[in-house]
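The structure appears below as C-alpha cells.
Residue numbering restarts at 1 for every chain, and letters A, B, ... go by the order of the sequence lines. Please read these numbers as outputs of a predicted model, since none were measured by experiment.
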There are 2 protein chains.
Amino acid sequence: MNIGEVAEKTGLPAKTIRYYEDIGLVRPLRGDNGYRQFRDSDAHKLNFLGRARALGFSIEDCRDLLALWEDQDRASADVRQIAKGHLAEIERKITDLSAMRDTLQGLVRACHGDDRPDCPILNGLAETGLS
Amino acid sequence: MNIGEVAEKTGLPAKTIRYYEDIGLVRPLRGDNGYRQFRDSDAHKLNFLGRARALGFSIEDCRDLLALWEDQDRASADVRQIAKGHLAEIERKITDLSAMRDTLQGLVRACHGDDRPDCPILNGLAETGLS
DNA sequence: CTTGACCTTCCCGTGACTGGAACCCTTATC
DNA sequence: GATAAGGGTTCCAGTCACGGGAAGGTCAAG
C-alpha cells in the first residue's frame with residue numbers, strides 16, 4: 001500500500017512516516033514509480049511506533065523496543081527495564097509540573113486581577129536571591 | 001558587572017544570558033573592551049526571567065510579563081490572564097502525563113520481567129486498530 | 001487532454017538553549 | 001617583557017521530532 005493508506009491506518013502523518021524511514025525505523029519497498037510500498041509488517045511496525053510514541057517513549061527507546069519486539073529470543077526483563085526507566089522519567093516530569101502548578105496557583109489566587117497595577121504574581125517572580 | 005558575575009548571582013548560564021540579549025530580553029551596556037556591562041537593573045531582570053522560566057513560562061510569555069513588570073500602569077488582570085493560561089497548559093500536561101503513567105504502570109506491573117520472551121508490554125504496544 | 005489527488009525530494013524553521021572553535025582582554029607570576 | 005590562566009567575544013552547528021512549503025513526477029477519472 002501507498003503512504004497515504006498506511007498513514008490513515010496508523011493515524012501517523014505521512015511526513016512522520018517518511019521521517020521514520022529516514023532514520024531507519026522502517027524500510028518500505030519501492031515501486032517502479034518510486035513510490036514507497038508498505039507491507040502489512042511495515043504497517044504493524046508503524047502502529048507499534050505510534051503507540052510507543054503516544055506513551056512518550058523517545059525515538060531511541062522506540063528503536064530499542066522495536067528491536068526487542070522483532071527479536072523472538074528477547075528477555076522480557078530488557079523491555080521492562082526500558083519501560084521502567086521511562087516511567088520514572090514521566091513521574092519526574094509530573095512532580096516538576098505539579099510543583100510549578102502549586103506555586104503558580106498560589107500566585108494566581110493571591111492576585112485580584114483588576115485594572116490596578118498591584119500584582120502578587122509579578123512580586124513573586126521578582127523575589128530576589130540577589131545581594 | 002561582567003557576565004560571569006551576573007551569571008553566578010542569577011544562577012543562569014552565561015550562554016543563556018547572551019541568548020537573552022540576542023532575542024532582546026535584556027540590553028546590557030558595553031565596556032571599551034567589548035565586554036557586556038550589567039547594571040543592577042539588568043541583574044534583576046535576569047533574576048525575574050530565571051524565575052518565570054523555572055515556572056515553565058515560555059520566552060514569549062516572559063517577554064510579556066517583563067513588559068508588564070516594567071509598566072507602572074499595568075493592570076494586574078493582564079498578568080493574571082497570562083498566568084492562568086499557563087496554569088491551564090501545565091494542568092493539561094499533567095493530565096496527559098498521568099494518563100501515560102497509568103497505562104505504562106499497568107503494562108509494567110503485568111510484565112514478569114525475566115529472561116523469557118513473553119512480554120505484556122510489547123503485546124500492549126502492538127495492539128492494533130489496523131484492519 | 002486536462003484536472004486534481006497523490007506521490008517524490010529537498011530545504012528551512014521550530015524552542016530554548018548547549019557545545020565548541022577561534023580569537024581577544026586582563027591579571028598574576030617568573 | 002614573556003607567558004599562562006582564566007576571563008571575555010563572535011559565530012556556527014547540533015539538539016528533538018517532526019511540520020511547512022516549494023518544485024516537480026505519477027496516476028485515475030472525466
Identify which nucleotide among D/dC18, D/dC27, D/dG19 has an atom closest to any side-chain atom of A/Asn33, counting heavy atoms from C-beta outward.
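When the side chain of A/Asn33 is considered, D/dC27 is the closest of D/dC18, D/dC27, D/dG19.
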Of the nucleotides D/dG8, C/dT8, C/dC17, which has the atom closest to the B/Ile59 side chain?
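The answer is C/dC17, which lies nearest to the side chain.
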End-to-end axis angle, where each axis spans five pairs of the helix from C/dC1-D/dG30 to C/dC30-D/dG1, to 10°:
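Computed from the C1' atoms at both ends, the axes differ by 30°.
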Just to be sure I understand the geometry, which residues of residues 14-24 of chain A put a non-hydrogen atom under 4.0 Å away from DNA chain D?
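Under 4.0 Å from DNA chain D: A/Lys15, A/Thr16, A/Tyr19, A/Tyr20.
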Does [X] pair with [Y] as a salt bridge, N-O distance under 4.0 Å?
X        : Y        : result
B/Asp22  : B/Arg18  : no
A/Arg39  : A/Asp42  : yes
B/Arg92  : B/Asp96  : yes
B/Asp114 : B/Arg116 : yes

In this structure, how many angstroms lie between the [atom2] atom of [N] and the [atom1] atom of [X], rounded?
X       : N      : atom1 : atom2 : answer
A/Leu49 : D/dA17 : CG    : P     : 12 Å
B/Ile3  : C/dT26 : CD1   : P     : 16 Å
B/Glu89 : C/dG15 : CD    : C1'   : 14 Å
B/Asn2  : D/dG6  : CG    : C1'   : 12 Å
B/Leu46 : C/dC17 : CG    : P     : 12 Å
B/Arg63 : C/dC17 : CZ    : P     : 12 Å
B/Arg53 : C/dG15 : CZ    : P     : 11 Å

Determine: side-chain N/O of A/Arg36 to OP1/OP2 of C/dT8, distance under 4.0 Å, yes or no.
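Answer is yes, contact under 4.0 Å.
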According to a strict under-4.0 Å criterion, is A/Arg30 in side-chain N/O contact with OP1 or OP2 of C/dT9?
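For A/Arg30, the contact criterion (side-chain N or O under 4.0 Å from OP1 or OP2 of C/dT9) is met.
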Between B/Glu60 and B/Tyr35, who's closer to the 5' end of DNA chain C by nearest nucleotide?
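Result: B/Glu60.
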Decide side chain to side chain contact (heavy atoms under 4.5 Å, CB included) for A/Tyr20 and A/Leu12; before the verdict, give the C-alpha distance in whole Å, the side-chain angles of both, and the deciding distance to 0.1 Å.
CA-CA 10 Å; A/Tyr20 288 172; A/Leu12 295 171; 4.2 Å; yes
Salt bridge (charged side-chain N to carboxylate O under 4.0 Å, His left out) partners for B/Arg36, two or more places apart:
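For B/Arg36 the salt bridge (charged side-chain N to carboxylate O under 4.0 Å, His left out) partners, ignoring immediate neighbours, are B/Glu21.
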Working to the nearest 0.5 Å, report the span between CD1 of B/Ile121 and NE2 of A/His86.
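NE2 of A/His86 is found 11.5 Å from CD1 of B/Ile121.
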Got a second to check how far B/Ile59's CD1 is from B/Leu25's CG, nearest 0.5 Å?
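The distance works out to 5.5 Å.
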If you measure only the distance, is there a donor-acceptor pair under 3.5 Å linking the side chains of A/His44 and B/Thr128?
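Side chains of A/His44 and B/Thr128: no pair found under 3.5 Å.
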